[in-house]
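This report refers to the structure that appears directly beneath it.
What's counted below: heavy atoms across the whole structure, side chains too, no hydrogens, waters or symmetry copies. In what follows, chains carry the letters A, B, and so on, assigned in the order in which the sequence lines appear, proteins first and then strands, with residues in each chain numbered from 1.
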2 protein chains.
Amino acid sequence: MTTPPVGRRERKKAATRQAIADAALRLFLERGYDQVSIREIADAADVSTTTVFKHFSGKEALVFDQDQERESELVAAVRGRAAGQSVLDALRQHVLDTWLPIAAHPQRAGFVDLVESTPALRAYSERMWTGYTDALAAAIADEARADQDDLACAALARFVLEIPTLAQGREDRRAAVETIFDLLTHGWEPPGDRS
Amino acid sequence: MTTPPVGRRERKKAATRQAIADAALRLFLERGYDQVSIREIADAADVSTTTVFKHFSGKEALVFDQDQERESELVAAVRGRAAGQSVLDALRQHVLDTWLPIAAHPQRAGFVDLVESTPALRAYSERMWTGYTDALAAAIADEARADQDDLACAALARFVLEIPTLAQGREDRRAAVETIFDLLTHGWEPPGDRS
DNA sequence: ATTGAAAAGTTGACTCGTTGCACTTTTTAA
DNA sequence: TTAAAAAGTGCAACGAGTCAACTTTTCAAT
């Protein structure tokens, strides 16, 4: 039988994967995403280009390594919310508590800059987020006792996942998140006059 | 001065552009997007591959030829709405009147199938729509007498542009559009119990 | 009409992401 | 011990897209 914790094989596999991801991120941060070729990354990690693609589905995936957890956290925030808290408020709190700190973390500033300044990575990142739509929609529908494919729940999920994109570049990101959640909670109405 | 209607030069340019687009669409419909190479399209239109890229920014752009008008129509729907009609209602009407018929038109069925069944085209199409966000947001903000970069207006614009994607694959598309506009108008609330 | 500049098109070679194929190594099971 | 399955690797190739040099066409100003 296979040893439950790890086999030597899978340890080596994980090590190679990590070496590739590390080399890629380092080179990207040094010289920019478009200025680094897969072949250079492969050389830096001392593997062949084929091996890179055995571990990662494409060049963009090298940057977003273990972002599968986000989906789970999102679903968990809805399912495990405090008693009496509405689904929308749970999502609002999760976004405020989880996404804002990450974006503000100085360690990740270079990483965030890299993604923001590279169109291909921006696009990939957005597709990643929208990829969570179905899972989040299912969780919302479940908690709201609606049909599994309820359209309003699916739309809400999609809209919540657009929030990071929309809040980007705003001076006060916390206020931006609040504004959008207010819109989703109460509906849109023409704001007060500016004159 | 240049002849206002057309010069021979620009007519020829437009003709080759059209020849390329026609050849591309025909081949895509016949054999599928991924099974047709740029060189084949160039050959079919009797030009070189570089000429193809002189006219179109990329392979996906061959499919979405003159979809710049959509943006103008969208903005016009908001700006030229009937007196007393709210911005949101104007958008609702525009979506119902303009987008649903196009999708239902039997002539375009093959085209719609092509886009829906090709991941690269789906992604490109969505990025096209979201590209209209800024223009629509500006029009909404203007009509609502809000600041030009008002976040709620930007969010509303983005959400409206997501509607085609969300309504896709639903049996009753009209009802789907109405449901999402109701969500945007009044806010989300847990739907009635299904039991 | 002539001519000269600008635009359109062509060619061919090149880069880069990505994949298919063949080969080697490791692991597993008999 | 050994055969076969699985995993990893490298090479060569394909398609998208770019670049630079060159030819042709068009336009406009003499």
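- Residues satisfying the side-chain hydrogen bond (donor to acceptor under 3.5 Å, both in side chains) criterion with A:Thr165, sequence neighbours excluded, are absent altogether.
- Of the residues in residues 51-60 of chain B, those with a non-hydrogen atom less than 4.0 angstrom from any atom of DNA chain C are B:Thr51, B:Lys54, B:His55.
- Taking B:Arg31 as the reference, B:Glu40 meet the side-chain hydrogen bond (donor to acceptor under 3.5 Å, both in side chains) condition, with sequence neighbours excluded.
- The side chain of A:Ser48 places no N or O atom within less than 4.0 Å of a non-bridging phosphate oxygen (OP1 or OP2) of D:dT9.
- Here C:dT11 is the nucleotide among C:dG17, C:dT19, C:dT11 with the atom lying nearest to any side-chain atom of B:Thr50.
- Near DNA chain D, meaning a heavy atom under 4.0 Å away, there are no residues from residues 113-130 of chain B.
- Protein atom CG of A:Asp43 is 11 Å distant from nucleotide atom P of D:dC11, rounded to whole Å.
- In this view, A:Tyr124 and A:Phe64 satisfy the ring-ring contact (aromatic ring centres under 6.0 Å, His included) rule, not counting sequence neighbours.
- Taking only distance into account, the side chain of B:Arg39 never meets the base of D:dG15 through a donor-acceptor pair shorter than 3.5 Å.
- Judged as a side-chain hydrogen bond (donor to acceptor under 3.5 Å, both in side chains), the pairs with a partner in residues 177-191 of chain B (not counting sequence neighbours) are, in order, B:Arg92-B:Glu178, B:Arg92-B:Asp182.
- B:Thr49 comes within 4.0 angstrom of no nucleic acid atom, judged by non-hydrogen atoms across all strands.
- Partners of B:Ala24 under the side-chain contact (heavy atoms from CB on, under 4.5 Å) rule, at least two apart in sequence or in another chain, are B:Phe28, B:Ile41, B:Leu62.
- For the pair A:Lys59 (side chain) and A:Tyr33 (backbone), a donor-acceptor distance under 3.5 Å is present.
- What separates NZ of A:Lys13 from P of D:dT9 is a distance of 10 Å, to the nearest Å.
- Among the heavy atoms of the strands lying under 4.0 Å from B:Asp46 are primed sugar atoms or P, OP1, OP2 only; no base atom is included.
- Taking the charged nitrogens against the carboxylate oxygens, B:Glu126 and B:Arg158 have no contact shorter than 4.0 Å, which rules out a salt bridge.
- The distance between atom CG of A:Leu62 and atom C1' of C:dG17, rounded to the nearest whole Å, is 11 Å.
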N/O donor to acceptor pairs below 3.5 angstrom from side-chain atoms of residues 103-122 of chain A, sequence neighbours left out:
unit_1, atom_1, unit_2, atom_2, d
A:His105, ND1, A:Gln107, N, 3.1
A:Glu116, OE1, A:Arg122, NH1, 2.9
A:Glu116, OE2, A:Gln168, NE2, 2.9
A:Ser117, OG, A:Asp113, O, 2.8
A:Ser117, OG, A:Leu114, O, 3.3
A:Thr118, OG1, A:Leu114, O, 2.8

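- Legend: residues meeting side-chain hydrogen bond (donor to acceptor under 3.5 Å, both in side chains) with B:Asp149, ordered by chain and number and at least two apart, are absent.
- Within residues 17-38 of chain B, no residue is approached by DNA chain C to less than 4.0 Å at the level of any non-hydrogen atom.
- Each side-chain hydrogen bond (donor to acceptor under 3.5 Å, both in side chains) pair with one or both residues in residues 69-82 of chain A, not counting sequence neighbours, appears once here: A:Arg79-A:Asp142, A:Arg81-A:Glu143.
- Here B:Phe181 pairs with nothing under the ring-ring contact (aromatic ring centres under 6.0 Å, His included) rule; sequence neighbours left out.
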